[in-house]
K.L.:
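Can you keep this structure in mind? I'll have questions shortly.
This is a predicted model, so every value here is computed, not measured. Below, chain A is the first sequence line, B the second, and so on; all start at residue 1.
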2 protein chains.
Amino acid sequence: MGVTIRDVARIAKVSISTVSRVLNDKCNVSEDKRVRVERAARDLGYIPNPAAQSLHSSRTGSLGVLLPFVSGEFYAEFLNGVDKTAQNGDWLLMISTSHNSEDELRAALKGMYRRVDGLLIMAPNITAESVLMQPHDDIPVVFVNTRCEDEAISLITFDNHGGMREMTRHLIATGHTRIGFIRGPVLAFDAAERERGYRDAHREAGLTVNEELIVPGKYSQQSGHDGAVRLLGMDPRPTAIMASNDDSAIGALSAIREAGLDVPSDVALTGFDDVPSARFTVPPLSTVHVPVRELGARSIEVLMECIKTGQISRLPHQTMDVELRIRKST
Amino acid sequence: MGVTIRDVARIAKVSISTVSRVLNDKCNVSEDKRVRVERAARDLGYIPNPAAQSLHSSRTGSLGVLLPFVSGEFYAEFLNGVDKTAQNGDWLLMISTSHNSEDELRAALKGMYRRVDGLLIMAPNITAESVLMQPHDDIPVVFVNTRCEDEAISLITFDNHGGMREMTRHLIATGHTRIGFIRGPVLAFDAAERERGYRDAHREAGLTVNEELIVPGKYSQQSGHDGAVRLLGMDPRPTAIMASNDDSAIGALSAIREAGLDVPSDVALTGFDDVPSARFTVPPLSTVHVPVRELGARSIEVLMECIKTGQISRLPHQTMDVELRIRKST
DNA sequence: CTGTTAGCGCCTTCAA
DNA sequence: TTGAAGGCGCTAACAG
C-alpha cells in the first residue's frame, strides 16, 4: 500500500541505501545509478513516508499553532502571516484552539506531542509559565501576546498599554473628558493592559476616571453593541467611546447609529487592532494599528530560527510597535 | 530523549508488549500488572510516539484542510466549524492555503502525503477532478464549494446560484430595474454561479441585463469599494448595487457613503455570505445567509465518517441551503 | 562507490 | 496471561 523505498530500489536495480543517498546526501553515488534512481522515483511517484523519517530523525517538519480562537478578522490576519511564513520555510502547520481554557490548551499541547518541531502559543489569559512544564520539554516554544514574566521564555507582544494610552491622550487632547470605555474579556491580559492605558492617560492628564464609564465587553461585535447601548443610556452620556478592539467598536458603531446619533459629531469612537474592516466602516474608524500579520510572520520566523539553531527558547522578549491611525470617527 | 514504552516496561517490571496491551487492548492482562503499568505510565508522563504508531498502523490522527486563503471572516468562520468538529472527534488539523493556485494546491497536497488520514479541500477555481489523481489515492477526500461534475467525488456545496437569484428577485420586486453588480474573482466558480443567478433572475423577470452594470471585483473590501465608485459614476446611476460577497458589500457601503448618498434610500445594497459583521454595518446589510460554520462542521463530519467506514469518497453530492436575510440596506 | 545491517518506537503475531 | 521477535519505512554506520 504505497510506494516505498524498496520499490524504487528494485526498479532502479540498486540497494535501498543508494536510493536513500540519492534522495538525501546527493554525494558518493555514481552518475549512472543516480539517474536510474531519480527516474524510478519519479516514475513511481515515490514520496518518502514521513512517519518513518520522523521516527528516525525525531523531526516532523510541522509547527504547532495554538490560538484562543480561529474566528474573527484578528486571528484570521494573524494566521495569514503565520501561514505565509511557514509555507515559505516549507513547514506544515498544525493548528488548534484553546478557547482561552487552560485545560483545552493542555489537551491540545498533549495532542501535538512529537507531532511538531516547534510551538507557537497565543494565550492572552494564561501565563506562559503555567503552561511550559508540559510534555514538550525539548522543542522551542514561542509565546505571543501572553502574560509572561520569565525572561527565559520566548515572547513576542505588542504594546497594548501604550497604544490605548496614546489613543486616550488623543481623545483628551481633542477636548473629551467624559470617555466611555468598553472593556475586553475579564481574564485577558491584553484587555487589562488596554484598560490600564486608558486609566494612565487620564491620570497623566489630571483627570479622574469615572468608574461608571467602564463597561464590560468580550471583544465581540455584539458585546460592543451592548456596551455602547449601556453607555449611551447614561446621563450625561459620554462624548466619546473607546472600544477595546475593533470588533466591539464595530458593534458600538451600529448601536450609536441606531440611537440616531452621529459619529464623530455626537459621539467619537475608537477601536484597537486595525483589522482590515476598520478602514471601511462609516465613518472610517480611528484605531490603534497592530501589525497583526507581521506579528504572525515574526513569531514563525523566530520559531524557525530557534529550531535551526537548536535553541530551546532563550530569546529576549520582543515588543512590536503599535501606532495611532486617526481616521474619521474622532 | 523522551519516555518510551521501554521505560514504562522497565519501571513496571513487565515486558513492552504488556505495556502496549494495557494502553490499547485493555484485555488479557492481570489486574496486578495493569495497575503497575498504568502507574508507571502516569508517573513518567508517557505519551506514545505518534510517528511510531503511524509507521505501524499507517494512520496519523490528523486531517488535512486546504483552503484558498485563511484571512477574512468567511474562512475564519468556516475554520471555526471545522476546528470545533475535529476537536470533538479528537482529530488534529493540518491546515494549508493554495491562494487559488493549482500549483500551490498540488504542493500542499504533496506535503501532506501520509501525514493525514483525510483531506478537506476548498478550491473555488479549480475543478475537483483535476486534483484528485494526486499522491493521495487511498484516503478519503471531501471537496467543498468546488466545481465538480463527477458524482463519485464527495462534494458539499451551497446554492450560490439560487441565493443570488433570489436576492435579485427581491430587488426587482422592490421596484429596482437598474441594478449594479460587483463580480467576484474571474476564475472562481462560485462567483460565476452568483453572477448567473443575477442574470437568470433578470431574464425570468423579462429584464435584459445591462452589461455595463456588471463591474469586476475580487471579493475584497477594497475591490467592493472600487466597484461601487465605478457604478456610482454612471449616468444614470444604478438604484441598487449587489456585491458578490459581504466583504465587497462593506467596501461598497463605504464608497456609497463617501459619495454622500444614503443606503437604502438613494442606493440599495446587498451582500452574500452573511458574515458576522453583516449584522453590524450601518445600516445592517441585507444578504444571503450561507451557513458557513455548519458547512465546515458538516464537511469534517463527512470526512470522519468516510474514514471510519473506510470509504474513499463515494457519497452523494450535498448542497446546503442558503436563505435571504433582508435587513435594512434594501 | 555500494550493499548489508542495526536501530528509531510501537504493535502484534507466535510460542510458551 | 505473558514475553520474545518480527516488521512498519527510513537513515546512517559499517564493511566491503
K.L.:
Would you indicate which nucleotide in C:dC10, C:dG3, D:dG9 comes nearest to any side-chain atom of A:Ser15?
P.N.:
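Of the options given, the side chain of A:Ser15 lies nearest C:dG3.
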
K.L.:
Between C1' on C:dG9 and CG on A:Asn49, what's the gap in Å once rounded to a whole number?
P.N.:
14 Å

K.L.:
Quick one: the side chain of B:Arg21 and the base of D:dG3, do they pair up donor-acceptor inside 3.5 Å?
P.N.:
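It does, because a donor-acceptor pair links the side chain of B:Arg21 to the base of D:dG3 below 3.5 Å.
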
K.L.:
Quickly work out the A:Arg114 CZ to C:dG9 P distance and round it to whole Å.
P.N.:
8 Å

K.L.:
OP1, OP2 of C:dC10 versus side-chain N and O of B:Tyr46: anything below 4.0 Å?
P.N.:
yes

K.L.:
Between P on C:dT12 and CD1 on B:Ile5, what's the gap in Å once rounded to a whole number?
P.N.:
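For the pair B:Ile5 CD1 and C:dT12 P, the rounded distance is 11 Å.
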
K.L.:
Please state how far atom CG in B:Leu55 lies from atom P in D:dG9, giving the value in whole angstrom units.
P.N.:
7 Å

K.L.:
Looking at the base of D:dA12, is there any donor atom on it, or on the side chain of A:Ser20, that sits under 3.5 Å from an acceptor on the other one?
P.N.:
no

K.L.:
Between B:Tyr75 and A:Asn80, does any side-chain donor sit less than 3.5 Å from a side-chain acceptor?
P.N.:
no

K.L.:
Does D:dC10 have OP1 or OP2 sitting under 4.0 Å from an N or O in the side chain of A:Ser57?
P.N.:
no

K.L.:
B:Ser17 near the nucleic acid: base, sugar-phosphate alone, or nothing, with a heavy-atom cut-off under 4.0 Å?
P.N.:
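Base contact.
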
K.L.:
As a test of reading the structure: which of C:dT2, D:dG9, C:dC10 is closest to the side chain of A:Thr18, going by heavy atoms?
P.N.:
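Selected nucleotide (nearest to the side chain): C:dT2.
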
K.L.:
Which nucleotide in the list D:dT2, D:dC8, D:dC10 gets nearest to the side chain of B:His56?
P.N.:
D:dC8

K.L.:
Examine C:dC11: is either OP1 or OP2 under 4.0 Å from a nitrogen or oxygen in the side chain of B:Gln53? Give yes or no.
P.N.:
yes

K.L.:
May I have the distance from A:Asp32 (atom CG) to C:dG3 (atom P), rounded to whole angstrom?
P.N.:
11 Å

K.L.:
What integer distance in Å separates A:Arg115:CZ from C:dG9:C1'?
P.N.:
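Spelled out: CZ on A:Arg115 to C1' on C:dG9 is 14 Å.
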
K.L.:
Over how many whole Å does the gap from B:Leu44 atom CG to C:dG9 atom P extend?
P.N.:
14 Å

K.L.:
With a non-hydrogen cut-off below 4.0 angstrom, is A:Asn28 in contact with a base, only sugar-phosphate, or nothing?
P.N.:
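If one applies the 4.0 Å heavy-atom cut-off, A:Asn28 turns out to touch a base.
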
K.L.:
Taking the basic N atoms (NZ, or NE/NH1/NH2) and the acidic carboxylate oxygens, is any pair closer than 4.0 Å for A:Asp103 and A:Arg106?
P.N.:
no

K.L.:
Would you say D:dT1 has OP1 or OP2 under 4.0 Å from some side-chain N or O of B:Lys33?
P.N.:
no

K.L.:
State which residue, out of A:Leu93, A:Val144, A:Leu119, fulfils the side chain to side chain contact (heavy atoms under 4.5 Å, CB included) condition with A:Val65.
P.N.:
A:Leu93

K.L.:
Give, for atom NE2 of A:His317 and atom CD1 of A:Ile153, the distance between the pair rounded to the nearest 0.5 Å.
P.N.:
6.5 Å

K.L.:
Indicate yes or no: at least one non-hydrogen side-chain atom of B:Arg293 is less than 4.5 angstrom from one of B:Arg298.
P.N.:
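No, every pair of side-chain atoms sits at 4.5 Å or beyond.
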
K.L.:
Rounded to the nearest angstrom, tell me the gap between atom CZ in A:Arg59 and atom C1' in D:dC10.
P.N.:
13 Å

